[in-house]
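Working notes for the structure below.
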Amino acid sequence: MERTHICGELRSTNVGQHVVLMGWVAKKRDFGVFTFIDLRDREGITQVVLSEEDSPEAHSKAKNIRGEFVIAVKGTVVSRSEGTHNKKLATGDIEIKVTELLILNDAKVPPFQLEVAGSENLAAEDTRLKHRYLDLRRPQLQNNIRMRAKAVRAIREYFDKRGFIEIETPILLKSTPEGARDFVVPSRIHTGKYFALPQSPQILKQITMIAGFDKYYQIARCFRDEDLRADRQPEFTQLDMEMSFVNREAVYREMEGMFNHVLRLIDIELPNEWPRMTYAEAMRRYGSDKPDLRFGMELQDLSEGLRDTEFAPFAETLGKGGEIKCIVIRGKADYSRKQLDELQEFVKRYGAGAMAWIKVGEETTSSILKVLGEAKLTELASSAGAQPGDAVLIVAGRRSVVAAALGALRGEIARRENLIDRSLYKCLLVTEFPMFEHDEESDTYMAAHHPFTSPMDEDLDMFKQAVQHPADHYLLGKVRAKAYDAVINGYECAGGSIRIHQKDVQALNFKALGMSPESARTQFGFFLDALEYGTPPHGGFAAGIERTCMILCDTENIRDVMAFPKTASAQDLMMDAPGIVDQSQLDELGITPSHNPEP
RNA sequence: GGAGUCGUAGUUCAGUUGGUUAGAACGCCAGCCUGUCACGUUGGAGGUCGCGGGUUCGAGUCCCGUCGGCUCCGCCA
C-alpha cells in the first residue's frame, strides 16, 4: 500500500477518489457494527469509517486498535450525509469509507493524553518532556516547530538575497575569560587541555571580516553554562551576521529588514524604519533596556516634588543621589491591602526596600498619608498624571534598583490586569548602550556588550581620558558604545555593535577592563594579530532564533519552540542527560573526578 | 547560591479542625450500541498520597529534611 494523500488535505472536491491514508489513531469511536477513527498525521485529521457490512475484515481488525496505533487505510472519499458534517475539522465535509485496513504498528497506552480540551489540562511538563516524541505529536508543538523551520528558511532567504555568505565556524574553540561560563570539552590528544563550546561565534565572525568576506551570516548554535529561565536554555541558536565598511545605520537596516521579513510569516507588517530610543531614555521611561511598548504606564519621577521632604527614607534616598519614581495604574484605586502587599513583595525581589502607594479618590489614602499629608500626596499624584480612581505605586532607592523594580512591576501589572493587546507587535531599536557596567563589589568595569565593542565617536576622548588617568576611571561608566538591541514586545530579539577595528583602541579597551597586555595576548593573541593585518571597519548583530520564534508562535516559553529542550535544572529527561561516562573514557582523557555523582 | 510554588490512580484534580474503607473526571480493560466526532451505556481493574525522618493513640493532612517540575532573584560579555 502506498500513501496517496495526507490527512487534512482531502475536501469535498475529492469525493469519489480512491485514496490511501496513513497515520496515527487520534480517537476511536466504536458503535458495534461500525467504527469511526480520527486518523492524524502532520497535516491534520480525517475521519475514517469502518463498517461491518461493507468491509467485515477491516472492521474486525479495528477492534484491536487503540490510540496512537499506526495504521494505513485504503478506501473511498465520500461526502458526509446531511447533518453529520463537522465544522471543527477542515476535512469535516468528507470521510473515508474504508475497504482495507492495515495495522502498521501497535502502540502502548500513552503515559498522558495527547488530546485534551484546553492547555491548562495538559499533563505535567516533566511527564511530557520524558516522552517528548509524544508531546511533539500535539498539533500545537508540530506547528511551532514547523514555524521555526519557516523562520530559519526566511532568514536564509533574506541574507542570501542580500549577498551575505553563510560560513560555518567551529564548535570546538578555546575558552575565553569574559562572559558566560563555558561548556568545556576535554581533548584526548592533548591530555589536560580543553576545548570550549562557543558562547557565540563572535571573534570568528569578526575574523571573516578581516578575511575579506565582507558580508557573513550563520545560523549558529551557542552554548552558555548558566542557569535557565523561561526564555533561556543552555544551548540555543542565533542568527549571527557581520558586515564590513558599514556604520550603525547600515546594520539597523539589515536588522529591520530581516525581522520585517520574518514577521511577515504571521502577516505582521512592521514599519520599514523602527522607532528608536536610547538606552538612557528606555531606562528612564520604562525602567528596562527592552521595554514592552504594547502598553503605556511609563515611570514618573517624583524626586523633584519630594526634594524638601522630611520623610527619612525619601530624604536619605535623595541625599545619596537616588531617585523616587512611580507608576500610575488606571482605575485601580480599589487594590486591597493584600494585593498591595503582594506587589511590595514583588518589587523587593529587585532590591527595593519597600513600595509606597497612593490611592487617589474623593478621599485619598496612602501608606505614607501620615508622614506626607493629604495635600502633598494629592500634589504628587497629580504631578504623576494620576486621576481619581487611580493607584500610584512608588519606589525609592538607587537609580538602578528603582528602574529594575518599577520596570518589572510595570510588566507584572500589565500581565495581571490584562493590559496587553496580544494582536499588537511593537518593535524598537534601543541604541547607545553603555560601554561598561560597574561592578560594585570589586569596583571594576566590565564590558556591557563584549570587549570588542566600539565606543561612540563622541565619547572617544572621554574613554581615553578614563583609561589613561586612574583618577578619571569612573568616567568609564559614562562612555557609550556603538551597541544596540532589537526589541519586540519586550523581548530582546537581537543585539549587536560596531566593533573596534583599530588595535590601539582595542588595547585601551582591554586596559579599561583590567586586562594586562600579557593576559590579553594569552587570551586573544591570535585576534590581536589578525587586527594588525588590515581590518576593515565592521559591525553586525546576533538574533535569538528561539526568542524570535516565541513571538511568531505567541508563547512565553522557550521550550515550546525547541524540539528537545532541557528542564530548568539543565537536564534532558528523555535521554537522561547529562549521564556518567565509562571509566575508560575518563582514563583516556586523563580526568579524575574530585567527586562522583550519586548513582 | 537564594526565594516562591507545585508533587494524591496512567492523566488532570478534589480530599473539611489530624479520624476508621483516599474520591471524581478522562484514560485503560470487558460487554452492549446503525452516524459519532468530548459518542452513549453497563460493569471492572487501577494508589509507595514524590522520598526519608519526626510529633501523635492515629498523618494525604502538622513539623523537619530531601528529591523533582515550574517561575523568579543572583548569574546570562
Side-chain angles (χ1 to χ4, degrees), chain A residues 26-39 45-49 51-54 59 63 66-68 80-89 91-92 95 108-131 134 176-182 199-200 202-203 222-234 236 342 345-352 404-405 408 411-412 433 435-437 439 441 445-453 481 483 492 495 497 509 513 515 542 544 556-557 559 566-569 571 573 598:
Chain A
K27 200 94 190 186
K28 186 176 86 166
R29 290 177 294 278
D30 185 355
F31 283 80
V33 295
F34 60 83
T35 298
F36 297 106
I37 288 173
D38 289 341
L39 191 61
I45 282 179
T46 298
Q47 173 167 282
V48 306
V49 193
S51 130
E52 191 171 40
E53 198 180 314
D54 299 338
H59 176 261
K63 291 278 172 211
R66 213 173 34 213
E68 300 311 310
R80 293 205 192 182
S81 55
E82 198 65 38
T84 66
H85 294 246
N86 186 348
K87 289 189 186 71
K88 290 181 205 158
L89 284 182
T91 60
E95 62 192 12
K108 288 168 74 171
V109 176
F112 59 92
Q113 284 161 256
L114 274 65
E115 317 275 337
V116 284
S119 58
E120 68 277 8
N121 287 327
L122 279 177
E125 195 160 7
D126 48 345
T127 309
R128 290 184 285 124
L129 284 171
K130 185 170 180 186
H131 304 274
L134 295 177
T176 52
E178 289 219 37
R181 206 174 281 117
D182 282 318
Q199 296 174 23
S200 90
Q202 184 59 39
I203 294 183
C222 304
F223 306 85
R224 293 177 191 176
D225 189 4
E226 297 294 347
D227 288 349
L228 293 82
R229 285 288 188 281
D231 63 349
R232 251 165 49 191
Q233 285 266 315
F236 59 99
E342 263 175 37
E345 286 312 308
F346 180 85
V347 297
K348 280 183 175 176
R349 296 213 290 264
Y350 297 85
E412 174 71 10
F433 270 76
M435 184 92 173
F436 302 98
E437 272 165 21
D439 182 58
E441 275 179 37
Y445 288 87
M446 300 177 308
H449 186 51
H450 60 58
F452 315 108
T453 304
E492 178 197 327
S497 64
N509 201 23
L513 295 167
M515 208 183 290
E556 289 179 352
N557 199 304
R559 293 183 297 278
K566 292 178 177 56
T567 65
S569 64
Q571 280 182 296
L573 295 182
E598 302 293 322

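In what follows, every chain begins at residue 1, and chains take the letters A, B, ... in the order their sequences are listed.
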Practice problem: Kindly point out which of B:C37, B:C70, B:G69 is positioned nearest to the side chain of A:N86? | Solution: B:C37
Practice problem: Between B:U66 and B:A30, how far apart are the P atoms? Round to whole Å, please. | Solution: 47 Å
Exercise. Apply the side-chain contact (heavy atoms from CB on, under 4.5 Å) test between A:H59 and each candidate in A:V49, A:D54, A:T35; give the one that qualifies.
Key: A:T35
Practice problem: Look at all strands and tell whether A:A408 reaches a base, only sugar-phosphate, or nothing, counting heavy atoms closer than 4.0 Å. | Solution: nothing
Self-check item: ring pair (Phe, Tyr, Trp, His ring centres under 6.0 Å) partners for A:H450, two or more places apart
Solution: A:F452
Self-check item: Separation of the P atoms in B:G23 and B:U16, to the nearest angstrom
Solution: 14 Å
Quiz item: Of all heavy-atom pairs between A:M435 and A:A481, which one has the smallest distance, and what is that distance?
Solution: SD-CB, 3.6 Å
Self-check item: Residue mapping more 5' on RNA chain B - nearest nucleotide basis, A:P111 or A:L89
Solution: A:P111
Self-check item: B:C75 OP1/OP2 closer than 4.0 Å to side-chain N/O of A:R232
Solution: no
Quiz item: B:U12, B:G68, B:C73: which one has an atom nearest the side-chain heavy atoms of A:A124?
Solution: B:U12
Exercise. Report yes if a side-chain nitrogen or oxygen of A:R128 is closer than 4.0 Å to either non-bridging phosphate oxygen (OP1 or OP2) of B:G69; otherwise report no.
Key: no
Practice problem: Using the C1' atom on both, measure B:U42 against B:G53 and round to a whole Å. | Solution: 47 Å
Quiz item: Expressed in whole Å, how much space separates the C1' atoms belonging to B:A9 and B:C28?
Solution: 11 Å
Self-check item: Partners passing salt bridge (Lys or Arg N to Asp or Glu O under 4.0 Å) against A:K348 (at least two apart in sequence or in another chain)
Solution: A:E345
Quiz item: For B:A3, what is the paired nucleotide under Watson-Crick or G-U wobble rules, both distances under 3.5 Å?
Solution: B:U71
Quiz item: Looking only at N and O atoms, is any donor in the side chain of A:Q113 or the base of B:G10 less than 3.5 Å from an acceptor on the other one?
Solution: yes
Practice problem: Please report, rounded to the nearest Å, how far the P atom of B:U11 is from the CG atom of A:D126. | Solution: 9 Å
Quiz prompt | From B:U12, B:A38, B:C72, nucleotide with atom closest to A:Y350 side chain | solution = B:C72
Quiz item: When the P atoms of B:C62 and B:A14 are considered, how many whole Å apart are they?
Solution: 14 Å
Quiz item: Rounding to a whole Å, what distance do you find between A:D231:CG and B:U71:P?
Solution: 9 Å
Self-check item: Pair partner, B:U12 [Watson-Crick or wobble, under 3.5 Å]
Solution: B:A24
Self-check item: Reported CZ-to-OG1 distance for the pair A:R80 and A:T91, which is rounded to 0.5 angstrom
Solution: 6.5 Å
Quiz prompt | Under 4.0 Å protein heavy-atom contacts per nucleotide of nucleotides 42-47 of chain B, with B for base, S for backbone only and - for none | solution = ------
Quiz prompt | Distance, C1' atom - from B:G31 to B:U20, rounded to whole angstrom | solution = 36 Å
Quiz item: Expressed in angstrom and rounded to an integer, what is the separation of A:R66 atom CZ from B:G27 atom P?
Solution: 14 Å
Quiz item: Quick one: does A:M515's side chain get under 4.5 Å of A:N509's, heavy atoms only?
Solution: no
Quiz item: Roughly how far apart, to the nearest Å, are B:C49 and B:G60 at atom C1'?
Solution: 5 Å
Quiz item: So, for A:P234 and A:L228, which heavy atoms are closest and what is the spacing to 0.1 Å?
Solution: CD-CD2, 3.2 Å
Quiz item: Whole Å only: how far is the CD atom of A:E342 from the P atom of B:U5?
Solution: 11 Å
Practice problem: Give a yes/no answer on whether the side chain of A:K130 brings an N or O atom under 4.0 Å of OP1 or OP2 in B:G69. | Solution: no
Practice problem: Remember a base hit wins even if backbone is also touched, and classify A:T176 as base, sugar-phosphate or nothing at under 4.0 Å, heavy atoms. | Solution: nothing
Quiz item: Separation of A:D182 atom CG from B:C76 atom P, in whole Å?
Solution: 12 Å
Quiz item: For A:K63 and B:A30, what is the distance between atoms NZ and C1' respectively, to the nearest whole Å?
Solution: 12 Å
Practice problem: Determine which nucleotide pairs with B:G52, using a 3.5 Å limit on both distances of a Watson-Crick or G-U wobble pair. | Solution: B:C64
Self-check item: Contact summary for A:A123 and A:F112, nearest pair of heavy atoms
Solution: CB-CB, 3.5 Å
Quiz item: With a non-hydrogen cut-off below 4.0 angstrom, is A:P451 in contact with a base, only sugar-phosphate, or nothing?
Solution: base
Quiz item: At their closest point, which heavy atom of A:L114 faces which heavy atom of A:L134, and how far apart are they?
Solution: CD2-O, 3.6 Å
If you restrict it to nitrogen or oxygen atoms, what contacts under 3.5 Å exist between nucleotides 34-36 of chain B and the protein, and what is each distance?
residue	atom	partner	partner atom	Å
B:G35	N1	A:E95	OE2	2.9
B:G35	N2	A:E95	OE1	2.5
B:G35	N2	A:E95	OE2	2.9
B:U36	O2	A:R29	NE	2.7
B:U36	O2	A:R29	NH2	3.3
B:U36	O2	A:Q47	OE1	3.3
B:U36	N3	A:Q47	OE1	2.9
B:U36	N3	A:Q47	NE2	2.9
B:U36	O4	A:Q47	NE2	2.7
B:U36	O4	A:R80	NH1	3.2

Quiz prompt | Counterpart residues, salt bridge (Lys or Arg N to Asp or Glu O under 4.0 Å), relative to A:R232 (two or more places apart) | solution = none
Quiz item: According to a strict under-4.0 Å criterion, is A:Q571 in side-chain N/O contact with OP1 or OP2 of B:G69?
Solution: yes
Quiz prompt | Toward the 5' end of RNA chain B, by each residue's nearest nucleotide, A:K566 or A:A447 | solution = A:K566
Quiz prompt | P spacing across the pair B:A24 / B:G15, given as an integer number of angstrom | solution = 15 Å
Exercise. Determine, step by step, whether A:Q47 and A:R29 satisfy the side chain to side chain contact (heavy atoms under 4.5 Å, CB included) criterion, reporting the C-alpha distance in whole Å, the side-chain angles of both residues, the deciding distance to 0.1 Å, and the verdict.
Key: CA-CA 10 Å; A:Q47 173 167 282; A:R29 290 177 294 278; 2.9 Å; yes
Quiz item: Base, sugar-phosphate alone, or nothing: which one does A:D30 contact when heavy atoms must sit under 4.0 Å apart?
Solution: base
Self-check item: Base B:G74 paired with A:R349 side chain (donor-acceptor, <3.5 Å)
Solution: no
Practice problem: With heavy atoms under 4.0 Å as the rule, sort A:E52 into base, sugar-phosphate or nothing. | Solution: nothing
Quiz item: With respect to the side chain of A:R229, which nucleotide from B:C75, B:G69, B:C37 is positioned closest?
Solution: B:C75
Exercise. Not counting sequence neighbours, which residues clear salt bridge (Lys or Arg N to Asp or Glu O under 4.0 Å) with A:K87? List them please.
Key: none
Quiz item: What's the shortest heavy-atom distance between A:A447 and A:L513, and which atoms?
Solution: N-CD2, 3.2 Å
Quiz prompt | A:K88 side chain near B:A38 phosphate (N/O to OP1/OP2, under 4.0 Å) | solution = yes
Practice problem: Return the value, rounded to whole Å, for the distance between atom CD of A:E125 and atom P of B:G69. | Solution: 11 Å
Practice problem: Check the distance between B:G68's C1' and A:L573's CG and give it to me in whole angstrom. | Solution: 9 Å
